[in-house]
Number of protein chains: 2
Amino acid sequence: MVSSKEVAKVAGVSQPTVSRVLNNPEKVNAETVNKVKQAMEKLNYRPNSIARSLKQQKTKYIALISGPLHNPFFVDSTTTIVNHAKEHGYHTLVYFEDQGDNLSVYEEVLRQQVDGIILSSIFMEDPIYKELVASEVPFVMFNRRYQAGGNYVEIDNEKAGQLATNHLLKLGHTKIAWIGGPTYTSTFQGRLAGYQKAMEVTNHPVKPEWVKATDTTEKAVVQAIDELLLLDDKPTAFFAATDSMALYCQNYLLRMGYRIPDHFSICGMDNIDITAHAAIQMTTLTHESNKPLGLHAIEHLIHMMEVESEERKIMQLTLEPKLIIRGTTGPKQ
Amino acid sequence: MVSSKEVAKVAGVSQPTVSRVLNNPEKVNAETVNKVKQAMEKLNYRPNSIARSLKQQKTKYIALISGPLHNPFFVDSTTTIVNHAKEHGYHTLVYFEDQGDNLSVYEEVLRQQVDGIILSSIFMEDPIYKELVASEVPFVMFNRRYQAGGNYVEIDNEKAGQLATNHLLKLGHTKIAWIGGPTYTSTFQGRLAGYQKAMEVTNHPVKPEWVKATDTTEKAVVQAIDELLLLDDKPTAFFAATDSMALYCQNYLLRMGYRIPDHFSICGMDNIDITAHAAIQMTTLTHESNKPLGLHAIEHLIHMMEVESEERKIMQLTLEPKLIIRGTTGPKQ
DNA sequence: ACATATTTTGAATACGTATTCATTATAATT
DNA sequence: AATTATAATGAATACGTATTCAAAATATGT
């Protein structure tokens, strides 16, 4: 591997001069710059970022710890984050959350000396939070948050749950099922709370059997529906707490021969691209911001990384939800 | 930042001993190991991977240069690659191809001293290829390949094009449009060649206006369809060279009020998850392998990275395509 | 008890870069 | 011409780790 030392030798200068040509060319004589650049060209020299990182104590790496891409919500945010980071000179180490062993993921990430972390995979009460704070690496949570601390951007999940539920109530549904992921995450906790609140306020009892807080896989959704359909008081509408789950739900009901929304209404949440497809037409929820969640997050992270720690602003952003009515919800028959 | 030197001081040993406790604990006295581990615990020590990388001349990083995630094909491969790499101790730097300036992406990647590169974003005649070879970093191409060189895994695109086209011909369609991306990529070149061959063999002329080699965005697909529908000889079937494009196509035709497959048949390619959805039912193509393409690629890359360069095997894998007939293709009316 | 093998440890060094500091050469000012 | 400021450069060092080598301590065999 060709180093700045070899370039220096070929150019007949010292290694520091080569370094200066790269970083402060204005501090070095024009002729010398030329000599050095020629030598670089000749040797096909590429600066070693690892050595640079070690010396500078800055890696220009960020870590993205994302929810699984089978949920298209995270597809959009990953693209946004990776591309925006790159535009600002940052490289993105991507990890997907590992229910089993998230802690070791963070342990690994911190060893990489990343300049910042962006994550969607935190629980409301997650021991990782204080580890991250202790590490002093700037981090931003998006989609999910930790209790009420730190930097985050989220949707007002409770309000979203209310919006969805009220929409279904207004269509005449009273037996409404809630299907979502584990409620130790802020997203599902909020969306469930909103559903319960909307029912309560309008004096509609919530049968505990209607609430399916499981995991986000297709298998789990299918099983939840199987169970729901066996109930005496079986629901006529489903509020699925993510579009990904709503799609599994729609698919399964269609396969069983039901018509949507004639037999059942379905409401999702996230407004992922495919929900707008003419063959899908999923009613869903989005937020009122001209920027996607992931963009808010990465912009703020970059701010934090490029400013002294004393001057760092705190971002605690809770966006207003907005209902998008499409074809999967209709009046109760 | 707490270093191995500080741990050494607290433990009352030398820095190399700390290093040995981490990497060869069997080479150090059991009591000493304990002392050192306690000191690590006490100081909350985390080894600095950057320094380790510099010394070892191995980073345990790989770079993934992927096609855009709005094509769900790359969603699956990204997940597979990132997770499989992590299981083997590798961290993944993710980049998305940049039509405009892929070269600078590679330049950046090589500065990061990655141990290997995995990419889908190469052209059949791409100057990057010889740069990569010259860098001596192992790399594997998936989905697309460079002419006929290097390590790659792909589908037999030409055969796939034939399969799709023959399927449509058999249904009675003779005016078949081809919609795909730029033909300087092996994928689209092959899929187009297969389409042309199948038409030729069966003595069906191909009108040049039926072939839309554009780019892979929704906008481009919509425009292509607009143009196709204005033709005198307008096609009755579409072979879209990726599922992503096929979905755009299906969506647009449905929105215009057409029924699929009554008015038009559509065949995609890639067998991405959503195509199996009951509301989508996209006829598509996949390959006959129990492993996804991305997994073949990452497994081989790991092989290359963990073996001396002389013993590296070459992988040039061309998988057999297979047609999956669903609801978007039907007899010509 | 002696010689020899083995285990355990630390001093010194290297990886490739950026930075501090001192030195020399040159330009600007009196 | 003498002084002072400025520009250009290199020697030395540091970042945090792993490794080589030699030395010391201990165990093994006779």
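As a basis for the values below, the full set of heavy atoms in this structure was taken, side chains included, without hydrogen atoms, waters or symmetry mates. Letters go in sequence order (proteins before strands), and every chain restarts at 1.
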Discussion item. Once you apply a heavy-atom cut-off of 4.0 Å, does V18(A) come out as touching a base, just sugar-phosphate, or nothing?
Written reply: nothing

Practice prompt. Starting from P on dA14(D), measure out to CG on L54(B) and report it in whole angstrom.
Written response: 16 Å

Fill in: Nearest-angstrom distance from the residue atom NZ of K5(B) to C1' of dC15(D)
9 Å

Worksheet item: Could you give the NZ-to-P distance, from K60(B) to dA18(D), as a whole number of Å?
Response: 13 Å

Worksheet entry | Nucleotide of dT19(C), dT17(D), dC15(C) approaching P47(B) most closely (side-chain heavy atoms) | dT17(D)

Worksheet item: Which whole-number value in Å describes the distance from R20(A) CZ to dG16(C) P?
Response: 20 Å

Worksheet item: Starting at CD of Q15(A) and ending at C1' of dC15(C), how long is that distance when rounded to a whole Å?
Response: 12 Å

Fill in: Close approaches to DNA chain D from residues 24-37 of chain B, in residue order (heavy atom, under 4.0 Å)
none

Item to complete: Determine, step by step, whether Y129(A) and F139(A) satisfy the ring pair (Phe, Tyr, Trp, His ring centres under 6.0 Å) criterion, reporting the C-alpha distance in whole Å, the side-chain angles of both residues, the deciding distance to 0.1 Å, and the verdict.
Response: CA-CA 10 Å; Y129(A) 183 81; F139(A) 68 100; 5.8 Å; yes

Worksheet item: Rounded to whole angstroms, how far apart are CD1 on I50(B) and C1' on dC15(C)?
Response: 13 Å

Discussion item. Is there a side-chain contact between S14(B) and the phosphate of dG10(C), meaning an N or O under 4.0 Å from OP1 or OP2?
Written reply: yes

Fill in: Audit row: H88(A), H84(A), ring pair (Phe, Tyr, Trp, His ring centres under 6.0 Å) steps and yes/no
CA-CA 7 Å; H88(A) 289 254; H84(A) 195 264; 4.6 Å; yes

Worksheet entry | K86(B) NZ to F96(A) CZ distance, which is reported to the nearest 0.5 Å | 11.0 Å

Worksheet item: Within the pair N23(B) and dA18(D), is there a side-chain N or O less than 4.0 Å away from OP1 or OP2?
Response: yes

Fill in: Residue pair T216(B) / H70(B), side-chain heavy-atom distance below 4.5 Å
yes

Worksheet item: Taking the side chain of L22(B) as its heavy atoms from C-beta onward, which of dA18(D), dG16(D), dT17(C) lies nearest to it?
Response: dA18(D)

Worksheet entry | R46(B) (side chain) and dG16(D) (base): donor-acceptor pair under 3.5 Å | no

Worksheet item: Q56(A) or Q56(B): which one's nearest nucleotide on DNA chain D is closer to the 5' end?
Response: Q56(A)

Fill in: Most 5' of V2(A) and T17(B) on DNA chain C, judged by nearest nucleotide
T17(B)

Item to complete: Nearest whole angstrom, please: distance from the C1' of dG16(D) to the NZ of K58(A).
Response: 18 Å

Discussion item. Given dT17(D), dT20(D), dG16(D), identify the nucleotide with an atom nearest to the side chain of Q57(A).
Written reply: dG16(D)

Worksheet item: Given the rule in the salt bridge (Lys or Arg N to Asp or Glu O under 4.0 Å) test, do R46(B) and E131(A) qualify, once you have shown the distances and angles that lead to the verdict?
Response: CA-CA 12 Å; R46(B) 286 194 194 84; E131(A) 293 273 340; 3.2 Å; yes

Item to complete: Output the single nucleotide from dA12(C), dT17(C), dG16(C) whose closest atom is nearest the side chain of P16(B).
Response: dA12(C)

Discussion item. Is the shortest side-chain heavy-atom distance between R145(B) and T318(B) below 4.5 Å?
Written reply: no

Worksheet item: For dT17(D), does OP1 or OP2 lie under 4.0 Å from any side-chain N or O of S4(B)?
Response: yes

Worksheet item: NZ of K55(A) versus C1' of dG16(D): gap in Å, rounded?
Response: 12 Å

Worksheet, complete the sentence: side chain to side chain contact (heavy atoms under 4.5 Å, CB included) test vs Y95(A) passes for just one of V109(A), L64(A), I117(A), namely V109(A)

Discussion item. Before you tell me yes or no, could you show the steps for F123(A) and R144(A) under side-chain contact (heavy atoms from CB on, under 4.5 Å), namely the whole-Å CA-CA distance, both residues' side-chain angles and the distance that decides it to 0.1 Å?
Written reply: CA-CA 7 Å; F123(A) 305 143; R144(A) 294 190 203 157; 3.8 Å; yes

Worksheet item: From dG10(D), dT17(C), dA18(D), pick the nucleotide closest to the side chain of A51(A)?
Response: dT17(C)

Worksheet, complete the sentence: Among dC15(C), dT19(C), dT19(D), the one nearest any side-chain atom of S19(A) is dT19(C)

